[in-house]
Chemist: 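I'd like to ask some things about the structure below.
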Amino acid sequence: MATVGNSKSIYYIGVDDRDIDLFESQYIVPNGIAYNSYVILDEKIAVMDTVDVRGQQQWEENLVKTLDEKKPDYLVVSHLEPDHAGSISRFLELYPDAKLVGNAKTFAMLPQFLENAGNISEEKIITVKEGDTLSLGEHTLQFFMAPMVHWPEVMVTYEQKEKVLFSADGFGKFGTLDTDEDWACEARRYYFNICGKYGAPVAALLRKAATLDISVICPLHGPILSENLEYYIGKYQTWSSYQPEDEGVLIAYASIHGNTKKAAEKLAELLEAKGAKKVVLSDLAREDMAEVIEDAFRYDKMVVAAASYDGGVFPCMESFLAHLKSKAYQKRTVGVLENGSWAPSAARVMKEYLSGMKDVTVVEPVVTIRSTMKEEDVTAIEALADAILS
């Protein structure tokens with residue numbers, strides 16, 4: 001098995017899942033997902049997390065091959081979500097003498113996921129708290145609590161000798177390890193859809209990480225990061241503070257018969273003519289919702305355009321706004337465009353959602369079109385474009 005970075009003692013034993021269709025049963029993963037797990041070989045041997053049961057057989061083969069008839073002393077459990085803790089039971093069957101390392105919240109939650117957790121004796125458990133260390137010989141593990149990044153029991157582990165941060169779900173990314181694609185795009189989509197609500201806890205963890213001399217970051221999903229760490233950490237600092245990453249306008253539209261789409265396209269045309277650095281058009285009825293959420297956080301401005309529906313707003317727009325609110329969307333400028341044939345209601349609902357979001361400025365005018373776009377509507381849409389760019 002491959003070692004981590006230039007290490008001769010830390011091995012990668014994770015598994016690529018290329019068959020999964022939806023991660024967490026909601027996120028499209030066209031290039032699959034990696035379940036990462038690691039082994040540190042020393043006088044004492046530590047396994048760093050397990051994998052989803054979907055990859056258990058391959059993970060077990062990787063583990064046994066790497067250990068080469070040795071037996072591990074510890075299993076460090078940084079996160080109990082099943083995509084990482086799904087093979088703990090199998091690990092304990094294989095190595096009943098090994099000890100589980102976790103924090104108090106880990107072991108309080110463990111019985112929810114492990115049927116035989118009650119049979120694990122106190123002697124088989126090592127409960128660690130903030131800053132505690134565990135010596136493996138030449139390697140020393142130091143533990144830092146990371147509650148709500150993005151579960152309450154999460155912790156990260158810093159290996160002091162080789163300066164490796166085992167970052168749990170931090171710095172994670174969709175896609176298998178052999179996927180050839182830009183890190184930021186799928187890492188951004190992963191971050192905002194999974195950890196986006198928890199900016200403050202992520203920022204707190206970054207402050208802890210800033211006190212450490214880190215050479216390698218080993219996340220539980222996505223590639224091992226060993227070069228240009230300032231870039232990756234910088235992205236996380238931007239994302240966790242909810243600051244826009246790029247100048248641009250996302251136009252997220254929900255159109256029933258195509259008329260609202262035409263208005264959104266006209267707005268995009270006008271914005272580009274007026275010098276907008278980037279304009280992204282997204283059809284909420286057809287595009288990956290998680291990717292549109294990603295773009296909403298990426299750019300500093302957004303316009304929501306939707307048809308009225310059943311006295312409210314077209315459902316895919318309501319779903320989009322509910323997602324944004326749940327992920328703590330904030331610090332943005334937003335424009336509103338509605339369509340309604342006899343009783344326009346979409347703007348009212350969209351503004352209600354936006355009013356519940358922190359530091360979101362809704363610009364005037366709010367544009368109302370009735371069914372098809374007319375010449376006077378183009379004038380109003382141009383005024384909206386000016387307001388968004390001002």
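Any value given below was found using the heavy atoms of this structure, including those in side chains, with hydrogens, waters and symmetry copies removed.
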Chemist: Report the distance from atom CG of Leu136 to atom CG of Leu141, rounding to the nearest 0.5 Å.
Modeler: 4.5 Å

Chemist: Assess the side chains of Lys374 and Thr372: does a donor N or O sit below 3.5 Å from an acceptor N or O?
Modeler: yes

Chemist: Under the side chain to side chain contact (heavy atoms under 4.5 Å, CB included) test against Phe107, which residue among Leu80, Val77, Thr127 passes?
Modeler: Thr127

Chemist: Applying side-chain hydrogen bond (donor to acceptor under 3.5 Å, both in side chains), can you list everything that pairs with Lys266, at least two apart in sequence or on another chain?
Modeler: Glu269

Chemist: Whether the side chain of Thr50 engages the backbone of Ser87 through a donor-acceptor N/O pair (distance < 3.5 Å, no angle test) should be reported.
Modeler: yes

Chemist: Can any side-chain N or O of Lys124 pair as donor or acceptor with the backbone N or O of Lys99 at less than 3.5 Å?
Modeler: no

Chemist: Measuring centre to centre across the rings, with the benzene-like ring taken for any Trp, is Tyr329 within less than 6.0 Å of Phe297?
Modeler: yes

Chemist: Are the aromatic ring centres of Phe174 and Phe23 under 6.0 angstrom apart?
Modeler: yes

Chemist: Do His139 and Gln160 get their side chains close enough for a donor-acceptor pair, meaning under 3.5 Å?
Modeler: no

Chemist: Considering non-hydrogen atoms only, spot the tightest contact between Arg332 and Arg298 and give its length.
Modeler: NH2-N, 4.5 Å

Chemist: What heavy-atom pair brings Tyr38 and Pro219 nearest, and what distance separates the two atoms?
Modeler: OH-O, 2.7 Å

Chemist: When you measure from the side chain of Ser319 to the backbone of Cys316, do you find a donor-acceptor pair of N or O atoms at a distance under 3.5 Å?
Modeler: no

Chemist: Show the nearest heavy-atom pair for residues Ala34 and Tyr12, with the distance to one decimal.
Modeler: CB-OH, 4.4 Å

Chemist: Can you tell me if Lys261 has over 12 outside heavy atoms packed within less than 6.0 Å of its NZ?
Modeler: no

Chemist: Quick one: do the Thr333 and Thr361 side chains pair a donor with an acceptor below 3.5 Å?
Modeler: no

Chemist: Where the side chain of Gln330 meets the backbone of Lys358, is there a donor-acceptor pair that is under 3.5 Å apart?
Modeler: no

Chemist: Which atom names give the shortest non-hydrogen contact between Tyr253 and Asp283, and what distance separates them?
Modeler: OH-CB, 3.4 Å

Chemist: At what distance, to the nearest 0.5 angstrom, does CE of Met109 lie from CG of Leu114?
Modeler: 12.5 Å

Chemist: Ignoring hydrogens and angles, tell me if any N or O in the side chain of Thr179 forms a donor-acceptor pair with the backbone of Gly175 under 3.5 Å.
Modeler: no

Chemist: Using the test side-chain hydrogen bond (donor to acceptor under 3.5 Å, both in side chains), find all partners of Lys301 that sit at least two apart in sequence or belong to another chain.
Modeler: none

Chemist: Other residues, nucleotides and ligands only: do more than 12 of their heavy atoms fall within 6.0 Å of CD on Glu122?
Modeler: no

Chemist: Side chain of Asp73, backbone of Ile45: donor and acceptor closer than 3.5 Å?
Modeler: yes

Chemist: For the residue pair Thr238 and Gln243, confirm or rule out a side-chain donor-acceptor distance under 3.5 Å.
Modeler: no

Chemist: Mark yes when over 12 heavy atoms from residues, nucleotides or ligands other than Lys278 sit less than 6.0 Å from its NZ; otherwise mark no.
Modeler: no

Chemist: May I ask you to check whether over 12 heavy atoms, not counting those of Asn6, lie within 6.0 Å of atom CG?
Modeler: no

Chemist: Taking atom types as modelled and ignoring hydrogens, do the side chains of Glu153 and Asn103 form a donor-acceptor contact shorter than 3.5 angstrom?
Modeler: no

Chemist: With a cut-off of 6.0 Å (strictly less than), are more than 12 heavy atoms of other residues, nucleotides or ligands near OH of Tyr299?
Modeler: yes

Chemist: Tell me if a side-chain donor or acceptor on Asp288 pairs with a main-chain N or O of Ala290 at a distance below 3.5 Å.
Modeler: yes

Chemist: Is any side-chain heavy atom of Pro344 less than 4.5 Å from a side-chain heavy atom of Asn339?
Modeler: no

Chemist: Answer yes or no: does atom NZ of Lys331 have more than 12 heavy-atom neighbours from other residues, nucleotides or ligands under 6.0 Å?
Modeler: yes

Chemist: Using a 6.0 Å cut-off, check whether atom CD of Gln57 has over 12 heavy atoms from anything other than its own residue.
Modeler: no

Chemist: Dump the intermediate steps for side chain to side chain donor-acceptor pair (under 3.5 Å) on Thr133 and Gln142, then the final yes or no.
Modeler: CA-CA 4 Å; Thr133 59; Gln142 187 172 19; over 6 Å; no

Chemist: Check this for me, if you would: do Arg189 and Glu291 make a salt bridge, where the nitrogen-to-carboxylate-oxygen distance has to be below 4.0 angstrom?
Modeler: no

Chemist: If you measure from the Lys or Arg side-chain nitrogens to the Asp or Glu carboxylate oxygens, is any gap between Asp42 and Lys44 under 4.0 Å?
Modeler: no

Chemist: Out of the candidates Phe171, Tyr191, Trp183, only one should pair with Tyr232 under the ring pair (Phe, Tyr, Trp, His ring centres under 6.0 Å) rule; please name it.
Modeler: Trp183

Chemist: Does the pair Lys274/Glu382 count as a salt bridge with the N-to-O cut at 4.0 Å?
Modeler: yes

Chemist: So does Lys262 have more than 12 non-hydrogen atoms from other groups sitting under 6.0 Å from NZ?
Modeler: no

Chemist: CZ of Arg90 to OH of Tyr95: how many Å apart, nearest 0.5 Å?
Modeler: 9.0 Å

Chemist: Are the side chain of Asp68 and the backbone of Lys65 linked by a donor-acceptor contact shorter than 3.5 Å?
Modeler: no

Chemist: Could you go through Asp83 and His221, starting from their C-alpha distance and side-chain angles, then the distance that decides it, and tell me whether this counts as side chain to side chain donor-acceptor pair (under 3.5 Å)?
Modeler: CA-CA 10 Å; Asp83 53 327; His221 294 297; 2.8 Å; yes

Chemist: Just checking, any donor-acceptor pair under 3.5 angstrom between side chains of Asp49 and His84?
Modeler: no

Chemist: Shortest non-hydrogen contact from Lys173 to Ala187?
Modeler: CG-N, 3.8 Å

Chemist: Is Asp52 reaching over with its side chain to a backbone N or O of Arg54, donor-acceptor style, under 3.5 angstrom?
Modeler: yes

Chemist: Just checking, any donor-acceptor pair under 3.5 angstrom between side chains of Tyr190 and Asp169?
Modeler: yes

Chemist: Using a distance-only test with no angle check, is there a side-chain donor-acceptor pair under 3.5 angstrom linking Ser121 and Glu123?
Modeler: yes

Chemist: Enter the distance from Ser345:OG to Glu338:CD here, rounded to the nearest 0.5 Å.
Modeler: 7.0 Å

Chemist: Report yes or no: does Asn62 contribute a side-chain atom to a donor-acceptor pair with the main-chain N or O of Val15 at less than 3.5 Å?
Modeler: no

Chemist: Would you compute the distance between atom OG of Ser308 and atom CZ of Phe314 and round it to the nearest 0.5 angstrom?
Modeler: 11.5 Å

Chemist: Nearest 0.5 angstrom please: Asn36 CG to Met48 CE, how far?
Modeler: 12.5 Å

